[in-house]
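Below you'll find the structure, written out as structure tokens, and then a few comments.
When a residue number appears, it is its place in the shown sequence, counting from 1. Computed from a predicted model, the values in this text were never measured in an experiment.
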Amino acid sequence: MDRLNDYADVKVAVAATAGSIATLVATKIDATGFGRARFVFNVGNGAATTAAISAGIGVWQASTSGATYAEISASSLAAVTSGTLSSTSVTMVIDVPTSAGTPWLQISGGSMLSTGVPYSCVCTLYNGINHPPSSPSHQQLVTV
């Protein structure tokens, strides 16, 4: 995936939740020093709960953490309006380039529309030349 001289850092983008009908609560992520960001959504099994994820959940960017965020073009997930999340989990991935002028990223623009379906999202920042990981020590990153 990455070259040996690259570094990666993993951040929580949307904290794990047991599932509720609500807009996703995103964490603002500083991608300064990294060339790409990969957001991995994990939607757990809902035991016969019909999947319902609104259109428009995507990656938004800004110049500072407090600035107005704007959607990165073509970075949104499609709506999930049918199918049952039963015995398997669903993983959805959005991978975007980062910009030095707008290094702050967050998930925005959509909602989980099913109750009882657990979900979360992590962001892996990568292609960070000579940029050691800065995650807190309670997170683990194993590279083989």
| said: Using side-chain contact (heavy atoms from CB on, under 4.5 Å), reason through V14 and T27 one step at a time and then give a plain yes or no. | reply: CA-CA 6 Å; V14 176; T27 302; over 6 Å; no
| ILVMFWY cluster, Y126 and W104 together (side-chain gap under 4.5 Å) | no
| field | Hydrophobic cluster identity match, I72 and I94, side-chain contacts under 4.5 Å | value | yes
| Just wondering, do I107 and V59 contact through their side chains at under 4.5 Å, heavy atoms? | yes
| remark: Closest heavy-atom pair, A26 versus Q106, reported as atoms and distance to 0.1 Å, is CB-CB, 4.2 Å
| query | Atom CG in L125, atom NZ in K11: separation rounded to 0.5 Å? | reply | 7.0 Å
| said: As an exercise, state the distance from OG of S108 to CD1 of I57, rounded to the nearest 0.5 Å. | reply: 9.5 Å
| How long is the gap from CH2 on W60 to OG1 on T68, to the nearest 0.5 Å? | 10.5 Å
| query | At what distance, to the nearest 0.5 angstrom, does OG of S76 lie from CD of E71? | reply | 3.5 Å
| In Å, rounded to the nearest 0.5 Å, how long is the span from OG of S99 to CG of L105? | 9.5 Å
| message | Would a single hydrophobic cluster contain both Y69 and F39, if residues Ile, Leu, Val, Met, Phe, Trp and Tyr are joined by side-chain heavy-atom contacts under 4.5 Å? | response | no
| Identified side-chain contact (heavy atoms from CB on, under 4.5 Å) partner of P103 from the options T98, I29, D30 | D30
| field | Distance in Å, T91 OG1 paired with F41 CZ, rounded so as to fall on 0.5 Å steps | value | 11.5 Å
